[in-house]
Amino acid sequence: MSRKRQKEKTDKANSEEEASKNRDEYQCSGNVEIDFPGLCALLDVKDIPAVSTKEPASSTTTETEGGDTEESQSEINAVDIWSKPRLQVELENEDPLSAKNLKISGWKVDEQIVRVLQKMLLTLNKLQSLHFWRAELTDRMVISLMNTISPCSNLTAVTLEGNPLPEQSYHLLLSEDSTLAHLSLRNNRIGDEGARLIGSALSTLRSANKSLSSLNLAFNSIGDAGAKHIAQGLRLNRALLCLSLSNNQIGDSGAAHLAAILGEFALTHEEVVERRKLLLERTQSSSSRVDSDQSPVSQLPSVPSSTSLSVSKGENKGKKKEGKESKKDEKPAVNKENPKSNKKSSDIKVPQSKGGKSGSKEKQVSAQEDKSSAVLNEQVEAVEIVNPLLDQSVLYRDGELIMPGNTTLTSLNLAGQITEKSLPLFLTSLEMQAEGGGGLLRLCLQRNRFPADCEIYVKIKELMTLTDPLEKNNSEQAEEEGQGA
């Protein structure tokens, strides 16, 4: 009997190995309707949903008052539709190889299906978003998919909703090297521990996510402690533009931490120490460049190529080209750190720089070492200044280093369990942002535990009317209608 079982195990292992080999040898065409069932058949995966294709002509989405589209609203409300297993492909045009959105909902995705998806994703060159709803993914599957998502250059949006993970591995989707710009994690029962991991992924003293611009954490179980962790992550993050924490369990204590990072705040001891280290590194880097500029020609080969300066005529042409390439490489880094400013590195003013002027002089790099050195030093400072700890606006006041608040975040949704107690803190921070320019354009505090006619809440709404594009349009439209009447 034992021999029979052993033989069955061996046959099963051989079958799985053969199926895996067939999967690896399969050449995907980029057509999901063909590749998905084809790969599933090779792996002997049964009970899979049919692939439905949605062409652009049939895509009719209208926006509702809440900001959601009619399509997404109906999908959320109609549980029977969502619970029905489906794999939907939305095409960019009539070409079946132009899949731009992939939605998987209402059926359990096992490891075999994950392998199929990994194989397909690499050939979907135009794929922009990947959507999972109640797919019962595990932490291990999320890690596998994350490793596959990274090489997909056009894939910038991931939705993972209705999918609780035991180990709360959501933070891996917004790691420092992640290329995702939009991430939605609603209805995942994310608690304070998950929020802590997400906050650390947003930023720490030494690292920060530089690509994610919108994060939706609505309808989870994040409390005051979790909100504190998120606020901590926003202290040094200068990429995130939109954050939704609506319908969680955040009260006044958690809201206070979020309000505090919007206005000026004092650096902690750890942040002060890290700032000193960064300043020292910058000084040493600048000194080493000055020394390399003054070194004999025989010592130049020991200088790294990215900062080497040639004085020979034969290398002069190559040096100019290298300078231009280094500037081209550095510009995206500045924009990613602060996408809101969207400035070129040559446009950034550096008050402490004593080198040549930015702009036209950087483009006309001469063969003289002093001008080349000035340009390189200015580029280095332009890159380093994006680190919030090296912000030129940091002030020394009453024995503390005061840092400008996070003015990169433009939209914050905190609908939930906040009372009037938190409102003065938000009002103070918003007034600071109004004085300095920049900051929140939209703050949603509806459906909280205070009356709509609360005096401070009315002041906040009046202040936000001046910045919120939607409020501006509504007020202008109302004024025009009033004049017309």
Side-chain angles (χ1 to χ4, degrees), residues 45 82-83 102-119 121 129-152 155-212 214-234 236-237 239-240 243-250 254 257 416:
V45 178
W82 274 110
S83 58
L102 196 63
K103 296 183 179 180
I104 300 170
S105 63
W107 56 291
K108 184 177 181 179
V109 175
D110 57 22
E111 292 191 6
Q112 292 283 67
I113 295 296
V114 169
R115 293 192 186 99
V116 170
L117 293 175
Q118 287 179 302
K119 181 77 173 178
L121 288 176
S129 71
L130 186 59
H131 190 138
F132 292 95
W133 170 256
R134 292 184 178 176
E136 298 187 40
L137 294 176
T138 64
D139 292 87
R140 182 177 172 179
M141 293 178 194
V142 170
I143 295 172
S144 297
L145 284 171
M146 186 58 203
N147 294 333
T148 305
I149 289 171
S150 298
C152 301
L155 183 56
T156 58
V158 168
T159 297
L160 179 58
E161 299 177 345
N163 200 127
L165 295 177
E167 298 177 14
Q168 304 278 289
S169 301
Y170 307 101
H171 64 287
L172 298 176
L173 294 168
L174 54 153
S175 58
E176 187 178 9
D177 57 351
S178 171
T179 58
L180 295 181
H182 309 283
L183 180 61
S184 181
L185 298 172
R186 297 184 304 173
N187 289 289
N188 286 329
R189 301 177 192 168
I190 298 174
D192 292 338
E193 175 59 19
R196 182 187 68 80
L197 296 172
I198 290 173
S200 296
L202 287 173
S203 79
T204 62
L205 283 177
R206 274 298 193 180
S207 66
N209 178 285
K210 299 177 180 65
S211 63
L212 196 69
S214 69
L215 176 61
N216 193 338
L217 296 172
F219 297 96
N220 280 293
S221 304
I222 300 173
D224 289 333
K228 182 179 179 181
H229 292 306
I230 298 293
Q232 181 68 28
L234 292 174
L236 302 179
N237 179 287
L240 195 66
L243 173 64
S244 176
L245 289 166
S246 67
N247 296 284
N248 277 277
Q249 299 168 10
I250 300 172
H257 289 287

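Predicted model, so just to flag it, every value in this text is computed and none were measured. Residue numbers start at 1 and run along the sequence shown. Computed over heavy atoms, backbone and side chain alike; hydrogens, waters and symmetry mates excluded.
Using a 4.5 Å heavy-atom threshold, the side chains of Ile198 and Leu215 count as touching. Residues Ser178 and Leu173 are not in side-chain contact: their nearest non-hydrogen atoms beyond the backbone lie 4.5 Å or more apart. Tyr170 is not listed as a side-chain neighbour of Asn220, based on a closest heavy-atom distance of 4.5 Å or more. Side chains of Ser200 and His229 form no contact here, defined as non-hydrogen atoms less than 4.5 Å apart. Using a 4.5 Å heavy-atom threshold, the side chains of Leu202 and Leu234 count as touching. Looking at heavy atoms from C-beta onward, Val114 lies in side-chain contact with Leu145 at the 4.5 angstrom threshold. Residues Gln168 and Arg196 form no side-chain contact, since every pair of their non-hydrogen atoms from C-beta on lies 4.5 Å or further apart. Using a 4.5 Å cut-off on side-chain heavy atoms (C-beta onward), Ile250 and Asp224 make contact.
Nearest heavy-atom pair, Ala195 versus Ile222, reported as atom, atom and distance to 0.1 Å: CB-CG2, 4.1 Å. Nearest heavy atoms, Ser221 versus Asn248: N-OD1, 3.4 Å. Looking at every heavy atom in both residues, Met146 comes nearest to Ser175 through CE-OG, 4.5 Å. When all heavy atoms of Leu137 and Leu165 are compared, the closest pair comes out as O-CD2, 3.1 Å. For the pair Asn209 and Ser211, the tightest heavy-atom approach, listed with the atom from each and the gap, is OD1-N, 3.0 Å. Annotation for Glu136 and Asn163: closest pair N-OD1, 3.1 Å, computed over non-hydrogen atoms.
The closest donor-acceptor contact from the side chain of Asn187 to the backbone of Glu161 lies at 3.5 Å or more, if one exists at all. Listed for the Asp110 side chain is a donor-acceptor partner under 3.5 Å among the backbone atoms of Gln112. A donor-acceptor pair under 3.5 Å is absent between the side-chain atoms of Asn216 and the main chain of Leu185, judged by distance alone.
The closest side-chain donor-acceptor pair between Arg115 and Gln118, if any, does not fall under 3.5 angstrom. A donor-acceptor contact closer than 3.5 angstrom is absent between the side chains of Asn237 and Ser203.
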Output, in order, the C-alpha distance, side-chain angles, deciding distance and verdict of side-chain contact (heavy atoms from CB on, under 4.5 Å) for Leu117 and Leu130. CA-CA 11 Å; Leu117 293 175; Leu130 186 59; 5.9 Å; no
For Leu236 and Leu205: C-alpha separation, side-chain torsions, deciding distance, then whether side-chain contact (heavy atoms from CB on, under 4.5 Å) applies. CA-CA 8 Å; Leu236 302 179; Leu205 283 177; 4.2 Å; yes
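Within the model, atoms CG of Leu180 and NE2 of His182 stand 9.5 Å from one another, a figure rounded to the nearest 0.5 Å. Taking CD from Glu167 and CG from Leu172, the interatomic distance works out to 10.0 Å, rounded to the nearest 0.5 Å. Leu183 CG to Leu217 CG: the interatomic distance, rounded to the nearest 0.5 Å, is 7.5 Å. Here the straight-line distance linking atom CE of Met141 with atom CD of Glu111 works out to 5.0 Å at 0.5 Å rounding. Arg186 contributes atom CZ, which lies 8.5 Å from atom OG of Ser246 (distance to the nearest 0.5 angstrom). Rounding to the nearest 0.5 Å places CZ of Phe132 at 7.5 Å from CG of Leu102.
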